[in-house]
Every structure is written in C-alpha cells, then in structure tokens.
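Working notes, beginning with the structure itself.
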Protein chains: 2
Amino acid sequence: MGTVSIREVAARAGVSPGTISNVLNRPERVAPETRERVMRAIRELGFVRHGSASTLRAGQSRTIGLSVIDIGNPFFTDVAAGVEEAASELGYAVILGNSAGSRDKEERNLLVLAEQRVRGVLITPSDEDPSRLDALRDRGISVVLVDHPAHRPDQCSVAVNDIAGGQMAASHLLSLGARRIGYVTGPRSIRQCVDRRQGAEHAVAAAGLDPEAVIEDVEVPSMTARAGQQAAASLLESGLPDAVFCANDLLAVGFLRALLQAGVRVPRDVALIGYDDIDFAAASAVSLSSVRQPTHRLGRIATELLLDECDHPDTHVHQQVMFQPELVVRESTAGGARPEERESP
Amino acid sequence: MGTVSIREVAARAGVSPGTISNVLNRPERVAPETRERVMRAIRELGFVRHGSASTLRAGQSRTIGLSVIDIGNPFFTDVAAGVEEAASELGYAVILGNSAGSRDKEERNLLVLAEQRVRGVLITPSDEDPSRLDALRDRGISVVLVDHPAHRPDQCSVAVNDIAGGQMAASHLLSLGARRIGYVTGPRSIRQCVDRRQGAEHAVAAAGLDPEAVIEDVEVPSMTARAGQQAAASLLESGLPDAVFCANDLLAVGFLRALLQAGVRVPRDVALIGYDDIDFAAASAVSLSSVRQPTHRLGRIATELLLDECDHPDTHVHQQVMFQPELVVRESTAGGARPEERESP
DNA sequence: ATCCGGCGATAAGACGTTTTAATAAATCGA
DNA sequence: TCGATTTATTAAAACGTCTTATCGCCGGAT
C-alpha cells in the first residue's frame, strides 16, 4: 500500500534509479528498449512521481499561483478558466487564491504560494502597493499582473484599457442626451474604478462639458450585485440622474434590479450601462449595455507570458499587453434618456 | 540571494536547525525566550519555509485538490468560494482543477493532484466510475464527493437531494396546469440530470399521470447557456410544451433568451423553471423560478469533512450529508400556462 | 553527595528525486 | 588492431526539512 518510489520501479525494471529519472525527464537519452521496460514497470506498479521530492531537488516546481480579488465575479471566473486551460496545456497545476478584496487575505495567499515554491504568480493586485510583489520577485518567483498594467518595464502585464472603456461608456451616454451621469463605483483603491472614471471625465470634457458638474459619484464598499442595490437605494433617495454608469456588471445588475423594483423604467427614466459584459448582461431583465473585455484571452495570454518567462528566461522579453475594450449596446441604453422618446404614460 | 534556509536562520539565532523546525511546528516545546529569538531571525532574514521539503520529509502536505466540472458555472464558483474560505481558515491551499466535462481532463487533473501529494481531494465526479477515486484512496489521499452522494459507507460526501428537487420543480409546473413538460437536460452520464428527471417522474406519477406521456426530453451535450439556446431552437421547431424544466439555470437562461427572441411569452405561452438558483436567476429578463441549493455551505462542509478526515483520522466518522433543496417561485412560472390567465392579445 | 525526572536543545539520519561525474560498452576511422 | 569518440547507464551526492534518539542541565527528593 501507500507509495511506490522510483527505487522500486528501478528494481523491477532491472536498472538504476537514475535511469528512471531520465526516462521521466529526458526520455531521448535512454535507449528505446530500456525506456519501454521502464514504462512497463511504472505502469505495473502504479508509480506516481513524488512532486515535492522533484521540486526540492530540481529547485523548481510545475505549479503557478493565481490570486484574484473575487472568485464570485464572472469576470474573474472567465479569466481563471483561461489560466487553467493554458496552464494545463503546458503541464502546470494552478493554485487558486481568492483575496476577497482583503489585503490581509491576499498577503496570506501569497505566503502560501511562496511556501509552495510556485514557479510564478498571476495576480490581480488589490491595491497599488508593489512591495509584496517585489518580495516575491526577490525570491525568484516571476509575477505577471492580470488586468493591471505594469509600471515597471521588467515586468509582464496583461490589461485592458480602462480609460478608453470609461470614455466609450460615458460618451455613449452623452450621445443619448444625458447631462447628469451617476457613476457607481467600488473603493478608490481599485485602479479599475479610478481609470474608468477618468475615461468618463475625458468623454465629458471632450463634449465641452464640466466633468465636476456632470458626473456624480456613488461609492460602495464592494463590487457586487448587493452593493449595486444599495447604490440604487441611495440614488433613489437623493434623486436620479439622466443616466448611470456602473463600474462593473455585477453592480449594474443589482442596480437595475433595485430600479425596476422601485418602478423606475430603464432606459426611459434612466439609461444604464455596466462594464465587463459578463454572460448575464445580455440576459438580464432589461438587457444590459456594457463594455466588453477579452476575459478568457486575458487569462490565457497572461499564463503564456508567465510560463515563457519561467521556461525561457534567456529569450523572454517582458511585455505590457494592453487590449482595447469594446462597447456593446443593448436595451438598457436603447433610445436613452430623452423625454421625447415614445409616448408619455 | 534567492532562498534562505532553516540552517541560516539557525546560525543567526544561535541554535540548531532542529530548533527552528520545532518553533515552526511545535512552538510549545521550545522555551519562550528561544522562540522569540528564532522568530526575530526568521523575520529579519525573510525566511519562508520550503513547503516541498516539508512535505517530502513529513510525508503529508498542506494542500487539497478541488476538481469541478465547469468553473464557468456560478454553481461551482459558489462551491469553490466556500471551499477556498474553509481551507484557508484551516491553513490549507487549494489546487484547482477544471475538468470541463472531459473524462480525460479530469484524469489528468487527478494525476497532477496525486503527484503533488495533496492531502485530500474534493471532487464533483463527472461520471459514476469510481475506479479513479479508488486509486487515489489507495494512495492514502482522502476523497470527499461534492454534489454527489457516496455509494460506500467509508466515504464522505456532501450532496443535495436532486430527486426531491426535481419533484418540487415538476409538481410546481403541474400545479400550474401543465400537462406536457419539456425536460432540457445535459448528458445522461451526469447523475444530477438523471436524478432531477427521476424526481419529475415521481411528481407526474403522484399526480396520477403517465410520466412517459407528460415528460419530453431534450438532451444537449453541455449544460451552458449556449446549449440552452440550442434546446429552445429544437423545441420551437418540434412544438413547444406547456412548461419547461431545465436541469440547471445556465440552460434556463439561454433557453429563456431564445424564447423571448422568438416572440414566445414567458410564462404565458410557456412556463419555465431552472435549477440551482444562481444569483442571476432573479435578475434575468423574466425572473427565473428555480430550485435553490446551499452552494456555499456545500463547499464549506465538504472541506471541513475532508480536513477532519485528514487531521483526525482516528476520531473521524464518515458522513454522507444530504441537504434539501428549496423551491423559489418567480415570474417565469407566475400564473403559469393556463390560457385563461390575463386577457388575450 | 547522589540519583532521578523533566525540560530544552542538538546531532544525524532519513524522505524521493535529480544531477554530475564517472564507468562501461559500442562504434568508428585509420 | 588500436585508440578516439560516442552512447547508455550508474553511483553517489545533493536539495531543505522533520524526527528520533541522545545529551546536558537544573531542581528536588533521597
């Protein structure tokens, strides 16, 4: 029972342990006949290589870490699926960490990854502080930023232009006639929220208007549907703007639900746009306009960059990949906020 | 640079390597003064324990594996969040595997987990074949089934009564007057699909009707929104029943979308119910009736059972936990399929 | 003064693999 | 036929930690 080691396989095949290792790691160096004999012994004994021993001796593992902010958000799930797919193709396992927006939790997760001596880490950092990541790099663990542009040239990153996305969303709302735009956002420590707002400001300014007068912030503590509902409640109390831009679709879905429950008509009374274009945006009560990001590719490319950096450190060139988002118009902004649309009640 | 080992910490603190190990693993055995000195050295040198060396020597790791069928399904995401949360609290890391419905992929994932010498595995098996899991158990890796009842008394499992759930859904549809019910299902190899149908049969039989005459199967190859759309297309062609029961919400969301696009009114022309009660069920175009499962708890309890089995093998008693699902009625079955509801067009 | 028990700390040997240098065997050119 | 080269295999030493048995020390009982 229990564990069968390389030694027993060696005995069974009538060779030395070193040869087993060669069959496993450099099969071309061992004679075909011997190789076949060893493979048979492995099969017959049900041998499975001890990854920890291998990692210990070889000094490097076949696992990578993935640290995301909210595994419950379909955006990150799609990214994770892309990561898992690419990693699995290249023979790597993925250790998942969910920081749930907490700095502490993220730190603990990174410690676990460091202990596991993962080959590299894919991370959507929960804040701008680079010290923890530098610590990882000092330990020889490569880091690729996901959905976050790298500030340093010696670091890979894969991101989507959030400023452009915010601009698209806001100028779309402006084109519908909106002159007061609510911006429902998560904490300011989240770069995405800040960038998307900045993009919105650009759009407003480009339209010859004053961003301060047009854009009204509603900040909520997390980026979930529940928080979106809260935001709607607060805005219903203080007075609704012409249009609302939610920093992600989860917020928008919750926001929409609360609005409809309160009898507000979308897009007639308020136009609404989200961000991420998660699968359900198209299926929600009023189908949701949004800003689409190539999520699956984000995960895949990030993984490929990371593993290229790990497996070919000499030829690897660091890249900061920046994708462009895409506006998706649906019912929630169709026609829009102008009162003359359709007959009045 | 790079890695600082226990030995250097020992030198710095003026003790032997064994003492460092004791501080790390049995702090109570070392004098408070020494402990403090060691902790300081650890901090100053930025020492991080080499998990692989530890695993190799100790013969057991602090990681568990999680193998799910579809990480893109919010049901599994919620389960995974529960798992991650509980594992993290108990100091375990989670290695994620997504079998994407493929037997091969699942097998590869399990091999990786075996190589990593994970302490245990949480798995939603993609089929009924227990041989792969037995192989894991033979290697001393505990296995807990998630969303799947164990057939053996010496194995833990956490599941939800799918027969009861199917019964709830179907009897609800019957109570609305439905006499022909479409059942949109994934492959028959998926136990959930089979059980939920069986529950529906019970409900139909209990109503004094013939299940064969009432229930009409539409089988699709995967349980995604896209597949739901296909199912709708096929049913639109062959003629719509009074009501439709989709084996999960993803199918139902896609089904609903296709129906609405074809001008079919829900629930007036067709009543529709899904399964899982994912977050978006309440937010879809016509809010979706569904059968709720305690997903997060499923993941948490499964993890707690697994780690209890690992950490206290002597006192551990195997449990087959079975939760009861809950019917959630929303618009998609409100009023229902009877033609006399509301005025005609 | 001696012995005993208990506490803290240590020395040294695993754990299972990879790797390096070395050996043995086979192939080749002259 | 002989040395030179290549090819296939091996022996043995790591990798960093945990653990077992051992040892020294101190206080208290004899």
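- Checking the phosphate oxygens (OP1, OP2) of D:dT17, no side-chain nitrogen or oxygen of B:S21 falls inside 4.0 Å.
- With distances taken from any side-chain atom of B:I6 to the nucleotides D:dC18, C:dG8, C:dT18, the minimum falls on D:dC18.
- A:T55 comes within 4.0 angstrom of no nucleic acid atom, judged by non-hydrogen atoms across all strands.
- Looking at A:I141, A:L136, A:I95, A:L66 one by one, the single match for side chain to side chain contact (heavy atoms under 4.5 Å, CB included) with A:L113 turns out to be A:I95.
- A donor-acceptor pair under 3.5 Å links the side-chain atoms of A:E8 to the main chain of A:S5, judged by distance alone.
- The residue among B:E28 and B:A58 whose nearest nucleotide of DNA chain C lies closer to the 5′ end is B:E28.
- Rounded to a whole Å, the CZ atom of B:R139 is 14 Å from the P atom of C:dG16.
- Side-chain proximity of B:V15 to the nucleotides C:dT17, C:dT10, D:dT10 is greatest for C:dT10.
- One distance of note links OG of B:S61 with CZ of B:R119; it measures 7.0 Å at 0.5 Å rounding.
- Note on B:S52: nothing from the nucleic acid sits closer than 4.0 angstrom, heavy atoms only.
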Would A:D78 and A:H296 count as a side-chain hydrogen bond (donor to acceptor under 3.5 Å, both in side chains) here? Give the steps. CA-CA 5 Å; A:D78 285 353; A:H296 192 91; over 6 Å; no
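- No side-chain heavy atom of B:R117 sits less than 4.5 Å from a side-chain heavy atom of B:R139.
- Using a 4.0 Å heavy-atom cutoff across all strands shown, B:R49 reaches sugar-phosphate atoms only and no base atom.
- Residue contacts for A:S5: at a heavy-atom cut-off of 4.0 Å it reaches the sugar-phosphate backbone alone, with no base atom in range.
- Atoms CZ (B:R37) and P (C:dA9) sit 8 Å apart, rounded to a whole Å.
- Within 4.0 Å of A:S54, counting heavy atoms only, lie sugar-phosphate atoms of the nucleic acid but no base atom.
- Between the CZ atom of A:R26 and the P atom of C:dT17 there is a distance of 15 Å, rounded to whole Å.
- For C:dT18, its base sits under 3.5 Å from the side chain of A:R57 at one donor and acceptor pair at least.
- Between A:R35 and D:dA8 there is no side-chain polar atom (N or O) within less than 4.0 angstrom of OP1 or OP2.
- Per the geometry, CG belonging to A:N22 stands 9 Å off C1' belonging to D:dA8, to the nearest Å.
- Whole-Å rounding puts the B:I20 CD1 to C:dG8 P distance at 16 Å.
- Taking atom CZ of A:R117 as the reference point, atom C1' of C:dT17 lies 17 Å away to the nearest angstrom.
- Distance, B:I42 CD1 to D:dG16 P: 16 Å, rounded to whole Å.
- Spacing between atom CG of B:L24 and atom C1' of D:dG16 amounts to 12 Å, rounded to whole angstrom units.
- For D:dT10, one of the phosphate oxygens OP1 or OP2 lies less than 4.0 angstrom from a side-chain nitrogen or oxygen of A:T19.
- Toward the 5′ end of DNA chain D lies the nearest nucleotide of B:L56, the other residue of the pair B:G18 and B:L56 mapping further downstream.
- Rounded to the nearest 0.5 Å, atoms OG (A:S142) and CD (A:E309) are 4.0 Å apart.
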